[in-house]
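Following: one structure in structure tokens, then a few remarks.
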Amino acid sequence: MHSIALIDVNNFFVSCERVFNPSLQHKPVVVLSNNDGCAIARSNEVKALGVGMGAPWFKFKGLAAKHGIVALSSNFALYADMSNRVMSILSTFSPQQEVYSIDECFLDMTGFTRRSLTEQGRQMRQHIKQCTGLPVCVGFAATKTLAKLANHIAKKKPQFDGVCDFNAFTNHQQDEWLGSLAVGEVWGIGRQLAPRLQKIGINTVLDLKRADSATLNANFSVVMEQIIRELNGTMCIELEQIAAPRKQIISSRSFGIAVTDIGSLQESLTLYVSRAAEKLRKQKSYAGAVQVYIRTSPHKEREAYYANSMTVPLQATDDTRQLVKAALWGLERIYKPGYRYQKAGVMLSEIVAVKNAQSDLFGRPDAVATRNSKLMAVMDSVNQYMGKRSLILASQGFSQPWRMKQGSKSPNYTTRWDEVLVVG
DNA sequence: ATCACGGTTTGCA
DNA sequence: CTAACGTGCAAACCGTGAT
């Protein structure tokens, strides 16, 4: 039997902010999404006040004032840096690690005895607390799906003190726990599937574990069958240690203020393509198509809604300038004056590894492509060492009135010396 | 009927 | 005073036209 661990940081973004500003400890704190739009991380105090995940923040301004909730803009540079530290510490506990998201990872702990497993979990918690100041919870089980649930139990039930080994339970105890959890808690069962399952009498995780596979196969996809097998302890979803190269790369943002002119759209799209192209080059790929996308706000009922996109094919490339050109060409075709645009974005697709990219008949690399990649490499390293806005295409614009709002962002404590406050 | 395709929906963090 | 609602990925799903 496998032993899979799932470790995740409690209220990750909020916990990061608290590490560097301890006065936030025990206070209600939220971190807001880009543009200060939605609540994307909440301290326990805020969860208790009924603020949901992804709640639009303007609806809670009153509640926030009443209870003294501290609302912070998101600081992703800080969170990414803290994440790297946590992942690096956890990698010392097993050679097999899958970094699943910014705040959680799986470890294959197969081979440890039951008793030492819980002990390992305690050490992970203690180590991470000591080195980073962040609180984590640990769940162990035979499959990734069950490890997720074990982690959930560790987080919700104080008696576990943050570490839950699902296989330390008897079979009877296991089923009791699963019977106490709503089916929607299962990894892969979301707001669409949960109601459909409830309609056919599957309310708890235990119900799903024991569900009749024939009836489910008729009504659901193969993914459902995988989930059920995983709930029964059979590993179907393997640990993916090496991150697969992206098949699509997206960069999109909401604007700080409504945008009506094509000039601002061109500027913002230039920026987004630049970001996407950096990611593309980082994974050593070319893109064969650029999709450009603009939209007015879907929330404003009194305003006319318009959304459109266009996919522009091109000779596979990683050159920001060619990708920008394609995106702006597409924009010309979908832009309609008279609308108040709220968001724009680009998606790179038809992605191929550089080494598999088509060369000429004789297998020689294209001379122009080679010269362009050298230029792009220079641009990337200048931006890496001198700050990411050092070298940009002029079509990005300089005043950028459309840039997103970030009213109260914390300093980049760990990545920018010039933003660290020195007391003394 | 079946396939390849593209756009849309779903789920996740 | 008013208006103020995220981002990035994969995969499933579904309609459509071609065969």
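To find a chain, count down the sequence lines: A is the first, B the second, and so on, and within it residues start at 1. Side chains included, hydrogens not; waters and symmetry mates left out as well; all remaining heavy atoms used.
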Shortest non-hydrogen contact between [X] and [Y], atoms and distance:
| X | Y | answer |
| --- | --- | --- |
| A344(A) | I294(A) | CB-CG2, 4.0 Å |
| G345(A) | S252(A) | CA-CB, 3.5 Å |
| R122(A) | F160(A) | NH2-O, 3.5 Å |

Using a 3.5 Å distance criterion without hydrogens, assess whether the side chain of [X] forms a donor-acceptor pair with backbone atoms of [Y].
| X | Y | result |
| --- | --- | --- |
| D108(A) | T110(A) | yes |
| E17(A) | L72(A) | no |
| R125(A) | D161(A) | yes |
| D318(A) | A277(A) | no |
| Q97(A) | M87(A) | yes |
| Q283(A) | R246(A) | yes |

(message) What's K343(A) touching, base or sugar-phosphate or nothing? Going by heavy atoms closer than 4.0 Å.
(response)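 Sugar-phosphate contact only.
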
Just how far, in rounded Å, is [atom2] of [N] from [atom1] of [X]?
| X | N | atom1 | atom2 | answer |
| --- | --- | --- | --- | --- |
| K300(A) | dA3(C) | NZ | P | 9 Å |
| Y293(A) | dG8(C) | OH | C1' | 13 Å |
| R253(A) | dG6(C) | CZ | C1' | 9 Å |
| E350(A) | dA10(C) | CD | P | 13 Å |
| N35(A) | dT7(C) | CG | P | 7 Å |
| K59(A) | dG6(C) | NZ | C1' | 15 Å |
| K282(A) | dG8(C) | NZ | P | 15 Å |
| R302(A) | dT2(C) | CZ | P | 12 Å |

(request) Could you give me the CA-CA distance, side-chain angles and deciding distance for R281(A) and T320(A), then say whether side-chain hydrogen bond (donor to acceptor under 3.5 Å, both in side chains) is met? (result) CA-CA 10 Å; R281(A) 293 192 290 270; T320(A) 301; 2.9 Å; yes

(request) Report, as a single string ordered 5' to 3', how protein heavy atoms within less than 4.0 Å touch nucleotides 7-13 of chain B: B base, S sugar-phosphate only, - not at all. (result) S--SSSS

(message) Need to verify one output field. Residue with the more 5' nearest nucleotide on DNA chain C, I249(A) or E303(A)?
(response)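 With I249(A) and E303(A) compared, the 5'-side residue is E303(A).
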
(message) Heavy-atom nearest nucleotide on DNA chain C for Q342(A) versus A244(A): which residue maps closer to 5'?
(response)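 Its nearest nucleotide being more 5', the pick is Q342(A).
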
Listing time: all N or O pairs from protein to nucleotides 11-17 of chain C that are below 3.5 Å?
unit_1, atom_1, unit_2, atom_2, d
dA11(C), OP2, K247(A), NZ, 3.4

Residue-phosphate contact under 4.0 Å: [X] side-chain N/O, [N] OP1/OP2:
| X | N | value |
| --- | --- | --- |
| R246(A) | dA10(C) | yes |
| S251(A) | dT7(C) | no |
| R275(A) | dG8(C) | no |
| S254(A) | dT7(C) | yes |

(request) Measure from the side chain of K279(A), starting at C-beta and using heavy atoms only, and say which of dT7(C), dG8(C), dA4(C) lies closest. (result)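 Of all the options, the side chain of K279(A) is nearest to dG8(C).
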
(request) Just compare dA4(C), dG6(C), dG8(C) and give me whichever is closest to any side-chain atom of F58(A). (result)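 So the side chain of F58(A) is nearest to dA4(C).
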
(message) Could you identify the nucleotide paired to dG6(C), looking across every strand shown and requiring Watson-Crick or G-U wobble geometry with both distances under 3.5 Å?
(response)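 Pairing partner: none.
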
(request) Taking atom P in both dC5(C) and dA13(B), compute the distance separating them and give it to the nearest angstrom. (result)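 25 Å, rounded to whole Å.
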
